[in-house]
Amino acid sequence: MNSAMNNSLIKLKQLFFFGSGLVLLSGCWTPSDEVDFAGFPQNGDVFLDGFSGGLEYLPFAGSKLNAFQVDDEVFYQGTASMRFDVPNGDDPDGNYAGAIFPDFGGRDLTGFDAITFWAKGNSATTIDEIGFGNYFGDNEHLVTILGLRLSTSWQKFVIPIPDPTKLSREQGLFWYSTGAKPAGLAGQGYTFWIDELQFEKLGTVAQPRPAIMNGADVEETSFTGSSPSVIGLTQTFNLADGTNQTVSAAPSYFSFSSSNGSVATVNELGVISVLGQGTTTITASLGGVPASGSLILTSTGAFDAAPTPTRSADNVISIFSDAYENNPVDFFNGYWTFSTTQGQDDLNIAGDNVIRYTALNFVGIEFKAPTVDASNMTHFHVDLRTPEGIDPGDFIRVELGDFGPDNAFGGGNDVSGSVTFGSSSLRTDEWISLDIPLSSFGLGSRGNLAQIIFVTDGTVQELLVDNMYFYSE
(Lines give C-alpha, C1' and ligand atoms only; values in the text may rest on other atoms or scores of the structure.)
Protein backbone atom coordinates (compact mmCIF):
# COMPACT_ATOMS: atom_id res chain seq x y z
CA MET A 1 0.00 0.00 0.00
CA ASN A 2 1.56 3.34 -0.99
CA SER A 3 2.22 6.27 1.30
CA ALA A 4 -0.84 8.21 0.19
CA MET A 5 -2.95 5.62 1.96
CA ASN A 6 -1.17 6.20 5.25
CA ASN A 7 -2.18 9.83 5.73
CA SER A 8 -4.54 10.86 8.47
CA LEU A 9 -7.47 11.39 6.13
CA ILE A 10 -8.18 7.66 5.89
CA LYS A 11 -8.76 5.54 8.98
CA LEU A 12 -9.35 1.82 8.82
CA LYS A 13 -11.71 0.48 11.47
CA GLN A 14 -12.67 -3.15 11.96
CA LEU A 15 -16.35 -4.10 11.94
CA PHE A 16 -17.93 -7.03 13.71
CA PHE A 17 -21.43 -8.50 13.68
CA PHE A 18 -23.10 -8.73 17.07
CA GLY A 19 -26.49 -10.40 16.83
CA SER A 20 -28.21 -8.67 13.95
CA GLY A 21 -26.37 -5.34 14.28
CA LEU A 22 -23.01 -3.90 13.38
CA VAL A 23 -20.70 -2.79 16.16
CA LEU A 24 -17.90 -0.30 15.47
CA LEU A 25 -15.02 -0.77 17.85
CA SER A 26 -14.17 2.85 17.30
CA GLY A 27 -17.29 4.84 18.08
CA CYS A 28 -18.60 7.74 16.08
CA TRP A 29 -20.71 10.74 17.06
CA THR A 30 -23.92 11.28 15.13
CA PRO A 31 -25.54 14.74 15.23
CA SER A 32 -28.83 14.88 17.11
CA ASP A 33 -32.00 16.10 15.46
CA GLU A 34 -32.64 18.21 18.55
CA VAL A 35 -29.47 20.33 18.22
CA ASP A 36 -29.43 23.54 16.22
CA PHE A 37 -26.36 23.75 13.98
CA ALA A 38 -25.00 26.75 12.14
CA GLY A 39 -24.53 24.61 9.03
CA PHE A 40 -22.40 21.90 7.50
CA PRO A 41 -19.62 22.20 4.91
CA GLN A 42 -20.89 22.53 1.36
CA ASN A 43 -18.05 20.40 0.06
CA GLY A 44 -18.82 17.94 -2.72
CA ASP A 45 -15.30 16.56 -3.15
CA VAL A 46 -14.77 12.92 -2.23
CA PHE A 47 -11.65 11.81 -4.13
CA LEU A 48 -9.89 13.90 -6.74
CA ASP A 49 -6.12 13.46 -6.42
CA GLY A 50 -6.63 12.48 -2.80
CA PHE A 51 -9.35 12.41 -0.20
CA SER A 52 -11.07 15.48 1.13
CA GLY A 53 -10.83 16.12 4.85
CA GLY A 54 -12.95 14.12 7.30
CA LEU A 55 -13.36 11.05 5.11
CA GLU A 56 -13.01 7.56 6.61
CA TYR A 57 -12.71 4.06 5.13
CA LEU A 58 -14.80 1.35 6.81
CA PRO A 59 -14.97 -2.10 5.16
CA PHE A 60 -17.97 -4.37 5.56
CA ALA A 61 -17.72 -7.38 7.86
CA GLY A 62 -16.66 -10.44 5.86
CA SER A 63 -15.15 -8.39 3.05
CA LYS A 64 -11.47 -8.35 2.21
CA LEU A 65 -10.17 -5.57 4.42
CA ASN A 66 -7.31 -4.49 2.14
CA ALA A 67 -9.30 -4.62 -1.10
CA PHE A 68 -8.97 -0.83 -1.41
CA GLN A 69 -5.87 1.32 -1.87
CA VAL A 70 -4.82 4.59 -3.45
CA ASP A 71 -3.08 4.02 -6.80
CA ASP A 72 -0.57 6.63 -8.00
CA GLU A 73 0.22 4.76 -11.22
CA VAL A 74 -3.23 4.35 -12.83
CA PHE A 75 -5.59 7.35 -12.89
CA TYR A 76 -7.98 9.21 -15.17
CA GLN A 77 -6.40 12.60 -14.55
CA GLY A 78 -4.18 14.18 -11.94
CA THR A 79 -1.87 11.97 -9.92
CA ALA A 80 -3.89 9.18 -8.25
CA SER A 81 -7.06 7.10 -8.29
CA MET A 82 -9.01 4.72 -6.02
CA ARG A 83 -8.10 1.10 -6.73
CA PHE A 84 -10.32 -1.83 -5.73
CA ASP A 85 -9.02 -5.40 -5.91
CA VAL A 86 -12.02 -7.74 -5.76
CA PRO A 87 -10.85 -11.10 -4.38
CA ASN A 88 -11.51 -14.56 -5.80
CA GLY A 89 -14.62 -16.19 -4.44
CA ASP A 90 -12.60 -18.62 -2.32
CA ASP A 91 -10.23 -16.06 -0.78
CA PRO A 92 -9.88 -16.96 2.94
CA ASP A 93 -9.33 -13.28 3.83
CA GLY A 94 -12.76 -12.29 2.48
CA ASN A 95 -14.78 -13.46 -0.50
CA TYR A 96 -15.96 -10.02 -1.65
CA ALA A 97 -14.98 -6.36 -1.54
CA GLY A 98 -17.14 -3.73 0.06
CA ALA A 99 -16.85 -0.60 2.18
CA ILE A 100 -18.31 2.77 3.02
CA PHE A 101 -16.54 6.15 2.86
CA PRO A 102 -18.34 8.37 5.37
CA ASP A 103 -17.74 11.83 6.78
CA PHE A 104 -19.28 11.61 10.24
CA GLY A 105 -19.06 15.38 10.60
CA GLY A 106 -21.77 15.68 7.97
CA ARG A 107 -21.94 17.74 4.78
CA ASP A 108 -24.53 19.98 3.18
CA LEU A 109 -25.07 18.49 -0.29
CA THR A 110 -28.31 20.32 -1.11
CA GLY A 111 -26.56 22.35 -3.81
CA PHE A 112 -25.73 19.29 -5.93
CA ASP A 113 -27.89 17.06 -8.13
CA ALA A 114 -25.60 14.03 -8.67
CA ILE A 115 -22.47 12.21 -7.59
CA THR A 116 -20.16 11.58 -10.55
CA PHE A 117 -16.97 9.64 -11.17
CA TRP A 118 -14.80 8.11 -13.85
CA ALA A 119 -14.23 4.35 -13.71
CA LYS A 120 -12.77 1.41 -15.60
CA GLY A 121 -11.88 -2.26 -14.98
CA ASN A 122 -9.01 -4.50 -15.91
CA SER A 123 -11.68 -6.44 -17.81
CA ALA A 124 -15.28 -5.80 -18.79
CA THR A 125 -17.12 -6.49 -15.56
CA THR A 126 -19.94 -5.38 -13.26
CA ILE A 127 -19.98 -3.71 -9.85
CA ASP A 128 -22.82 -5.35 -7.94
CA GLU A 129 -23.87 -2.34 -5.83
CA ILE A 130 -22.60 1.23 -5.72
CA GLY A 131 -23.95 4.53 -4.48
CA PHE A 132 -24.03 6.88 -1.50
CA GLY A 133 -25.93 7.39 1.77
CA ASN A 134 -24.55 4.40 3.68
CA TYR A 135 -22.88 5.34 6.97
CA PHE A 136 -23.77 2.28 9.10
CA GLY A 137 -26.58 4.26 10.66
CA ASP A 138 -30.21 4.65 9.64
CA ASN A 139 -29.06 5.17 6.03
CA GLU A 140 -32.17 7.28 5.54
CA HIS A 141 -30.86 8.71 2.25
CA LEU A 142 -29.38 5.54 0.78
CA VAL A 143 -29.11 5.47 -3.02
CA THR A 144 -27.98 2.41 -4.97
CA ILE A 145 -27.28 1.45 -8.55
CA LEU A 146 -27.32 -2.30 -9.13
CA GLY A 147 -25.07 -3.93 -11.72
CA LEU A 148 -22.94 -0.98 -12.86
CA ARG A 149 -21.19 -2.19 -16.01
CA LEU A 150 -17.56 -1.25 -16.59
CA SER A 151 -15.34 -1.51 -19.65
CA THR A 152 -11.55 -1.41 -19.89
CA SER A 153 -11.67 2.26 -20.89
CA TRP A 154 -12.39 5.22 -18.63
CA GLN A 155 -16.06 6.21 -18.60
CA LYS A 156 -17.93 8.88 -16.67
CA PHE A 157 -20.84 7.70 -14.54
CA VAL A 158 -23.63 9.77 -13.02
CA ILE A 159 -25.67 8.73 -10.00
CA PRO A 160 -28.46 11.30 -9.64
CA ILE A 161 -29.70 12.43 -6.23
CA PRO A 162 -33.43 11.64 -5.89
CA ASP A 163 -34.10 14.86 -3.92
CA PRO A 164 -31.11 17.07 -2.99
CA THR A 165 -33.12 19.04 -0.41
CA LYS A 166 -32.92 16.00 1.87
CA LEU A 167 -29.11 16.07 2.08
CA SER A 168 -28.54 19.00 4.44
CA ARG A 169 -26.15 17.00 6.66
CA GLU A 170 -25.30 13.80 4.84
CA GLN A 171 -22.66 11.49 6.30
CA GLY A 172 -22.58 8.65 3.74
CA LEU A 173 -20.54 10.00 0.83
CA PHE A 174 -19.82 6.77 -1.08
CA TRP A 175 -20.16 3.01 -0.76
CA TYR A 176 -19.79 -0.13 -2.84
CA SER A 177 -20.11 -3.92 -2.54
CA THR A 178 -19.17 -6.46 -5.18
CA GLY A 179 -17.96 -10.02 -5.55
CA ALA A 180 -16.08 -12.29 -7.92
CA LYS A 181 -17.48 -13.04 -11.37
CA PRO A 182 -19.10 -15.38 -12.05
CA ALA A 183 -20.67 -15.88 -8.62
CA GLY A 184 -19.60 -18.88 -6.57
CA LEU A 185 -16.48 -20.30 -4.99
CA ALA A 186 -14.79 -20.60 -8.37
CA GLY A 187 -15.47 -16.95 -9.20
CA GLN A 188 -12.52 -14.92 -10.44
CA GLY A 189 -11.54 -11.64 -8.85
CA TYR A 190 -10.85 -8.47 -10.81
CA THR A 191 -9.64 -4.90 -10.35
CA PHE A 192 -11.40 -1.63 -11.03
CA TRP A 193 -10.45 2.00 -10.58
CA ILE A 194 -12.50 5.10 -9.70
CA ASP A 195 -11.27 8.68 -10.11
CA GLU A 196 -12.62 12.24 -9.86
CA LEU A 197 -15.32 11.15 -7.40
CA GLN A 198 -17.42 14.15 -6.41
CA PHE A 199 -20.87 15.59 -5.96
CA GLU A 200 -21.71 18.02 -8.76
CA LYS A 201 -24.41 20.44 -9.84
CA LEU A 202 -24.83 19.29 -13.44
CA GLY A 203 -28.05 21.10 -14.25
CA THR A 204 -28.84 18.36 -16.78
CA VAL A 205 -30.51 15.85 -14.44
CA ALA A 206 -34.10 16.18 -15.64
CA GLN A 207 -37.56 14.62 -15.99
CA PRO A 208 -37.87 12.91 -12.59
CA ARG A 209 -40.05 9.78 -12.61
CA PRO A 210 -40.31 8.28 -9.14
CA ALA A 211 -41.97 4.91 -8.61
CA ILE A 212 -43.12 2.63 -5.81
CA MET A 213 -43.85 -1.09 -6.13
CA ASN A 214 -41.59 -0.95 -9.21
CA GLY A 215 -44.19 1.19 -10.93
CA ALA A 216 -46.95 -1.44 -10.79
CA ASP A 217 -50.38 -1.28 -9.16
CA VAL A 218 -50.08 -4.18 -6.76
CA GLU A 219 -52.94 -5.76 -4.82
CA GLU A 220 -52.23 -7.49 -1.50
CA THR A 221 -54.21 -8.79 1.42
CA SER A 222 -53.15 -8.23 5.00
CA PHE A 223 -54.38 -8.33 8.58
CA THR A 224 -54.98 -5.94 11.44
CA GLY A 225 -51.79 -5.56 13.44
CA SER A 226 -49.44 -6.39 10.56
CA SER A 227 -46.70 -4.03 9.35
CA PRO A 228 -45.86 -4.60 5.67
CA SER A 229 -43.56 -2.19 3.86
CA VAL A 230 -43.80 -0.30 0.60
CA ILE A 231 -41.13 -1.78 -1.68
CA GLY A 232 -39.75 -1.24 -5.18
CA LEU A 233 -38.78 2.39 -4.54
CA THR A 234 -36.94 3.99 -7.46
CA GLN A 235 -36.24 7.36 -9.02
CA THR A 236 -35.45 7.76 -12.72
CA PHE A 237 -33.89 10.81 -14.38
CA ASN A 238 -33.01 11.66 -17.96
CA LEU A 239 -29.32 12.58 -18.25
CA ALA A 240 -27.48 14.90 -20.63
CA ASP A 241 -26.51 12.08 -23.00
CA GLY A 242 -30.17 11.12 -23.44
CA THR A 243 -30.04 7.99 -21.31
CA ASN A 244 -32.39 7.28 -18.44
CA GLN A 245 -30.73 6.44 -15.12
CA THR A 246 -32.74 4.62 -12.45
CA VAL A 247 -31.57 4.36 -8.86
CA SER A 248 -32.99 2.52 -5.88
CA ALA A 249 -33.97 5.17 -3.34
CA ALA A 250 -34.53 4.98 0.41
CA PRO A 251 -38.09 5.49 1.67
CA SER A 252 -37.15 8.78 3.37
CA TYR A 253 -36.99 10.48 -0.02
CA PHE A 254 -40.71 9.79 -0.52
CA SER A 255 -43.90 11.19 0.98
CA PHE A 256 -46.45 8.40 1.48
CA SER A 257 -50.22 8.59 1.84
CA SER A 258 -53.09 6.21 2.51
CA SER A 259 -56.53 6.75 0.98
CA ASN A 260 -58.22 5.28 4.06
CA GLY A 261 -56.49 6.07 7.33
CA SER A 262 -58.88 3.91 9.31
CA VAL A 263 -57.57 0.86 7.45
CA ALA A 264 -53.85 1.71 7.38
CA THR A 265 -51.32 4.50 7.80
CA VAL A 266 -47.78 4.79 6.42
CA ASN A 267 -44.78 6.33 8.19
CA GLU A 268 -41.79 8.12 6.69
CA LEU A 269 -39.91 4.82 6.34
CA GLY A 270 -42.62 3.30 4.17
CA VAL A 271 -43.78 0.96 6.96
CA ILE A 272 -47.53 0.40 6.89
CA SER A 273 -49.54 0.01 10.10
CA VAL A 274 -52.70 -1.98 9.35
CA LEU A 275 -55.33 -0.72 11.78
CA GLY A 276 -58.64 -2.23 10.71
CA GLN A 277 -60.69 -4.08 8.14
CA GLY A 278 -61.24 -2.67 4.66
CA THR A 279 -59.30 -1.50 1.60
CA THR A 280 -56.89 1.38 1.16
CA THR A 281 -54.60 2.53 -1.62
CA ILE A 282 -51.04 3.48 -0.71
CA THR A 283 -49.45 6.08 -2.99
CA ALA A 284 -46.42 8.33 -2.80
CA SER A 285 -44.65 11.34 -4.25
CA LEU A 286 -41.02 12.42 -4.39
CA GLY A 287 -40.07 16.08 -4.51
CA GLY A 288 -43.68 16.94 -5.30
CA VAL A 289 -43.81 14.55 -8.30
CA PRO A 290 -46.41 11.74 -7.99
CA ALA A 291 -44.81 8.31 -8.05
CA SER A 292 -46.06 5.69 -10.47
CA GLY A 293 -47.34 2.49 -8.91
CA SER A 294 -49.49 1.86 -5.87
CA LEU A 295 -50.28 -0.73 -3.25
CA ILE A 296 -53.96 -1.61 -3.01
CA LEU A 297 -54.11 -3.17 0.43
CA THR A 298 -57.11 -5.14 1.66
CA SER A 299 -57.20 -5.97 5.35
CA THR A 300 -59.38 -8.92 6.24
CA GLY A 301 -59.42 -7.83 9.88
CA ALA A 302 -58.04 -9.69 12.86
CA PHE A 303 -55.43 -12.29 12.05
CA ASP A 304 -56.38 -15.92 12.48
CA ALA A 305 -53.13 -17.47 13.65
CA ALA A 306 -52.05 -20.98 12.80
CA PRO A 307 -52.65 -23.59 15.52
CA THR A 308 -50.01 -23.46 18.26
CA PRO A 309 -47.87 -26.62 18.23
CA THR A 310 -48.15 -28.77 21.34
CA ARG A 311 -45.59 -31.49 20.64
CA SER A 312 -42.73 -31.82 23.10
CA ALA A 313 -39.63 -29.92 22.05
CA ASP A 314 -37.61 -33.06 22.85
CA ASN A 315 -39.17 -34.72 19.80
CA VAL A 316 -38.95 -31.75 17.41
CA ILE A 317 -36.36 -30.22 15.08
CA SER A 318 -37.87 -26.85 14.20
CA ILE A 319 -37.12 -24.86 11.06
CA PHE A 320 -39.63 -22.03 11.60
CA SER A 321 -41.96 -21.71 14.57
CA ASP A 322 -42.45 -19.34 17.50
CA ALA A 323 -43.20 -22.38 19.66
CA TYR A 324 -39.67 -23.87 19.47
CA GLU A 325 -36.03 -22.95 19.24
CA ASN A 326 -35.33 -22.97 15.52
CA ASN A 327 -32.48 -24.58 13.63
CA PRO A 328 -30.27 -21.95 11.88
CA VAL A 329 -31.60 -21.13 8.39
CA ASP A 330 -29.53 -19.64 5.57
CA PHE A 331 -32.55 -18.17 3.79
CA PHE A 332 -36.31 -18.54 3.46
CA ASN A 333 -36.25 -17.43 -0.17
CA GLY A 334 -33.20 -18.14 -2.29
CA TYR A 335 -34.58 -16.08 -5.20
CA TRP A 336 -33.36 -18.86 -7.43
CA THR A 337 -33.19 -18.57 -11.21
CA PHE A 338 -36.65 -18.79 -12.82
CA SER A 339 -38.36 -18.27 -9.46
CA THR A 340 -40.80 -15.35 -9.47
CA THR A 341 -41.55 -15.68 -5.77
CA GLN A 342 -41.32 -12.61 -3.53
CA GLY A 343 -41.28 -12.48 0.26
CA GLN A 344 -39.70 -14.41 3.10
CA ASP A 345 -39.84 -14.41 6.91
CA ASP A 346 -40.90 -10.75 7.07
CA LEU A 347 -44.48 -10.81 8.36
CA ASN A 348 -45.04 -10.11 12.05
CA ILE A 349 -48.61 -9.84 13.25
CA ALA A 350 -48.91 -8.85 16.89
CA GLY A 351 -45.77 -10.82 17.72
CA ASP A 352 -46.61 -13.84 15.57
CA ASN A 353 -43.94 -14.40 12.92
CA VAL A 354 -45.25 -15.78 9.63
CA ILE A 355 -43.65 -16.39 6.24
CA ARG A 356 -45.53 -14.78 3.38
CA TYR A 357 -44.89 -15.60 -0.26
CA THR A 358 -46.43 -13.75 -3.21
CA ALA A 359 -46.10 -14.30 -6.98
CA LEU A 360 -45.28 -17.88 -6.01
CA ASN A 361 -44.23 -20.43 -8.59
CA PHE A 362 -41.56 -22.16 -6.52
CA VAL A 363 -39.44 -21.12 -3.58
CA GLY A 364 -36.51 -22.68 -1.73
CA ILE A 365 -35.70 -22.61 1.98
CA GLU A 366 -32.15 -23.68 2.79
CA PHE A 367 -30.41 -24.65 6.04
CA LYS A 368 -27.01 -26.08 5.15
CA ALA A 369 -25.01 -24.55 8.00
CA PRO A 370 -25.72 -26.89 9.67
CA THR A 371 -27.84 -29.43 7.83
CA VAL A 372 -30.52 -31.33 9.75
CA ASP A 373 -30.16 -34.94 10.81
CA ALA A 374 -33.74 -36.19 10.70
CA SER A 375 -32.80 -39.88 10.73
CA ASN A 376 -34.76 -40.41 13.93
CA MET A 377 -37.70 -38.21 12.90
CA THR A 378 -40.88 -39.71 11.43
CA HIS A 379 -42.84 -36.72 10.07
CA PHE A 380 -42.61 -33.25 8.58
CA HIS A 381 -45.20 -30.71 9.75
CA VAL A 382 -46.18 -27.40 8.14
CA ASP A 383 -49.17 -25.05 8.39
CA LEU A 384 -50.24 -23.40 5.12
CA ARG A 385 -52.87 -20.81 4.23
CA THR A 386 -53.84 -19.04 1.01
CA PRO A 387 -56.39 -16.23 0.59
CA GLU A 388 -57.12 -17.26 -3.00
CA GLY A 389 -60.12 -19.12 -4.34
CA ILE A 390 -59.21 -22.73 -5.03
CA ASP A 391 -59.59 -23.99 -8.60
CA PRO A 392 -59.60 -27.67 -9.64
CA GLY A 393 -56.07 -27.54 -11.06
CA ASP A 394 -54.47 -25.88 -8.03
CA PHE A 395 -51.81 -27.75 -6.09
CA ILE A 396 -48.95 -27.31 -3.64
CA ARG A 397 -45.98 -29.67 -3.85
CA VAL A 398 -43.71 -30.00 -0.82
CA GLU A 399 -40.15 -31.12 -1.57
CA LEU A 400 -37.29 -32.06 0.74
CA GLY A 401 -33.63 -32.10 -0.29
CA ASP A 402 -30.76 -33.95 1.38
CA PHE A 403 -27.18 -32.85 0.52
CA GLY A 404 -25.54 -36.11 1.61
CA PRO A 405 -22.52 -36.62 3.90
CA ASP A 406 -20.47 -33.90 2.17
CA ASN A 407 -23.11 -31.31 3.19
CA ALA A 408 -22.71 -29.65 -0.20
CA PHE A 409 -25.14 -29.10 -3.05
CA GLY A 410 -24.09 -30.83 -6.25
CA GLY A 411 -21.61 -33.15 -4.60
CA GLY A 412 -22.95 -36.22 -6.37
CA ASN A 413 -24.80 -37.64 -3.37
CA ASP A 414 -27.80 -35.29 -3.21
CA VAL A 415 -31.29 -36.81 -3.01
CA SER A 416 -34.72 -35.22 -3.03
CA GLY A 417 -38.35 -36.25 -2.91
CA SER A 418 -41.78 -34.62 -2.93
CA VAL A 419 -45.42 -34.99 -1.93
CA THR A 420 -48.17 -33.16 -3.84
CA PHE A 421 -51.42 -31.84 -2.38
CA GLY A 422 -54.18 -31.15 -4.91
CA SER A 423 -57.12 -28.78 -4.76
CA SER A 424 -59.19 -31.12 -2.57
CA SER A 425 -56.61 -30.68 0.22
CA LEU A 426 -56.56 -26.87 0.04
CA ARG A 427 -58.88 -24.29 1.61
CA THR A 428 -59.49 -20.60 0.96
CA ASP A 429 -58.47 -18.41 3.91
CA GLU A 430 -58.14 -21.36 6.24
CA TRP A 431 -55.04 -22.90 7.76
CA ILE A 432 -54.35 -26.46 6.72
CA SER A 433 -52.02 -28.51 8.92
CA LEU A 434 -49.97 -31.05 7.00
CA ASP A 435 -48.30 -33.92 8.86
CA ILE A 436 -46.39 -35.80 6.17
CA PRO A 437 -44.62 -39.10 6.94
CA LEU A 438 -40.99 -38.69 5.93
CA SER A 439 -41.21 -42.10 4.29
CA SER A 440 -43.63 -40.54 1.77
CA PHE A 441 -40.82 -38.44 0.30
CA GLY A 442 -38.94 -41.54 -0.83
CA LEU A 443 -35.57 -40.23 0.30
CA GLY A 444 -32.69 -42.66 0.42
CA SER A 445 -31.17 -40.59 3.22
CA ARG A 446 -32.38 -37.88 5.56
CA GLY A 447 -29.29 -37.45 7.70
CA ASN A 448 -28.28 -34.21 5.97
CA LEU A 449 -31.53 -32.45 5.09
CA ALA A 450 -30.85 -28.95 3.78
CA GLN A 451 -33.82 -27.75 1.71
CA ILE A 452 -37.58 -27.37 1.87
CA ILE A 453 -39.17 -26.32 -1.43
CA PHE A 454 -42.75 -25.29 -2.16
CA VAL A 455 -43.88 -25.60 -5.78
CA THR A 456 -47.20 -24.40 -7.22
CA ASP A 457 -46.25 -23.54 -10.81
CA GLY A 458 -48.26 -20.35 -10.25
CA THR A 459 -51.56 -22.14 -9.58
CA VAL A 460 -51.39 -20.74 -6.04
CA GLN A 461 -49.61 -17.39 -5.94
CA GLU A 462 -50.01 -16.19 -2.35
CA LEU A 463 -49.13 -18.44 0.55
CA LEU A 464 -48.68 -18.03 4.30
CA VAL A 465 -46.38 -20.54 6.01
CA ASP A 466 -45.94 -21.26 9.71
CA ASN A 467 -44.71 -24.00 12.05
CA MET A 468 -42.28 -25.95 9.85
CA TYR A 469 -40.64 -28.71 11.82
CA PHE A 470 -39.60 -32.36 11.81
CA TYR A 471 -40.81 -34.58 14.61
CA SER A 472 -40.84 -38.15 15.84
CA GLU A 473 -44.09 -39.82 16.78
Side-chain angles (χ1 to χ4, degrees), residues 19-20 223 225-226 302-334 343-357 363-386 396-405 407 414-422 424-427 429-455 460 463-473:
S20 60
F223 311 92
S226 63
F303 179 63
D304 179 19
T308 301
T310 59
R311 292 183 173 90
S312 170
D314 294 337
N315 300 322
V316 168
I317 301 175
S318 181
I319 303 301
F320 182 89
S321 178
D322 291 328
Y324 303 107
E325 181 179 349
N326 294 317
N327 185 80
V329 172
D330 297 283
F331 52 76
F332 290 95
N333 187 347
Q344 47 196 326
D345 57 327
D346 51 10
L347 188 59
N348 185 298
I349 304 172
D352 186 9
N353 293 291
V354 180
I355 298 171
R356 182 181 188 178
Y357 296 124
V363 65
I365 300 163
E366 190 164 284
F367 36 93
K368 63 183 179 181
T371 56
V372 166
D373 184 358
S375 301
N376 296 324
M377 301 291 108
T378 60
H379 288 74
F380 171 68
H381 175 94
V382 63
D383 293 316
L384 303 175
R385 177 173 176 167
T386 178
I396 296 175
R397 184 163 67 245
V398 182
E399 298 185 3
L400 297 181
D402 188 292
F403 281 1
N407 286 324
D414 304 352
V415 294
S416 63
S418 65
V419 178
T420 300
F421 298 88
S424 61
S425 300
L426 308 179
R427 301 286 185 271
D429 253 343
E430 293 182 22
W431 286 102
I432 59 171
S433 295
L434 303 179
D435 290 282
I436 312 171
L438 290 176
S439 59
S440 300
F441 289 94
L443 298 172
S445 168
R446 52 177 184 261
N448 302 93
L449 292 176
Q451 290 179 341
I452 300 170
I453 303 170
F454 296 105
V455 181
V460 175
L463 187 67
L464 301 182
V465 182
D466 203 354
N467 300 319
M468 285 188 292
Y469 58 86
F470 303 96
Y471 68 94
S472 60
E473 188 173 69

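Sequential numbering from 1 along the given sequence is applied to the chain's residues.
- Between the side chain of N315 and the main chain of S472, no donor-acceptor pair closer than 3.5 Å is present.
- Atom CD1 in I453 sits 8.5 Å away from atom CD in E366 (nearest 0.5 Å).
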| task | Take F421 and I432 through the side chain to side chain contact (heavy atoms under 4.5 Å, CB included) test and state the conclusion after the steps. | result | CA-CA 11 Å; F421 298 88; I432 59 171; over 6 Å; no
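- A side-chain donor-acceptor contact under 3.5 Å links T378 to the backbone of Y471.
- Checked options F331, F320, F454; the residue passing with I365 is F454 (criterion: side-chain contact (heavy atoms from CB on, under 4.5 Å)).
- The shortest heavy-atom contact between Y357 and F332 is OH-O, 2.5 Å.
- Side-chain contact between R397 and S418 is present, with at least one heavy-atom pair separated by less than 4.5 Å.
- In this structure, I355 CD1 and M468 CE are separated by 3.5 Å, a value rounded to the nearest 0.5 Å.
- Taking each heavy atom of A305 and D352 in turn, the nearest pair found is CB-OD2, 3.5 Å.
- Of all heavy-atom pairs between D383 and W431, the closest is O-CZ3, 3.5 Å.
- Scanning all heavy atoms of the two residues, the minimum distance from N467 to D322 falls at OD1-N, 4.5 Å.
- Note: N327 CG to S318 OG = 8.5 Å, rounded to the nearest 0.5 Å.
- With values rounded to the nearest 0.5 angstrom, Y324 atom OH is found 10.0 Å from D314 atom CG.
- The two residues I349 and S226 have their closest heavy-atom pair at CG1-CB, 3.7 Å.
- The shortest non-hydrogen separation linking I452 to F380 is CD1-CE1, 3.7 Å.
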| task | Could you walk me through whether D345 and N353 pass the side chain to side chain contact (heavy atoms under 4.5 Å, CB included) test, one step at a time? | result | CA-CA 7 Å; D345 57 327; N353 293 291; over 6 Å; no
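- Residues L464 and L347 meet the side-chain proximity criterion, which asks for heavy atoms closer than 4.5 Å.
- The closest side-chain heavy-atom distance from I319 to V372 is below 4.5 Å.
- Judged as a side chain to side chain donor-acceptor pair (under 3.5 Å), and not counting sequence neighbours, the contacts of D373 are S375.
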For residues 437-449, which side-chain donor-acceptor pairs fall under 3.5 Å, sequence neighbours excluded?
unit_1 : atom_1 : unit_2 : atom_2 : d
S440   : OG     : P437   : O      : 3.4
S445   : OG     : G447   : N      : 3.4
R446   : NE     : A374   : O      : 3.1
R446   : NH2    : M377   : O      : 3.3
N448   : ND2    : N407   : OD1    : 2.9

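- Residues passing the salt bridge (Lys or Arg N to Asp or Glu O under 4.0 Å) test with R385, sequence neighbours excluded: D304, D429.
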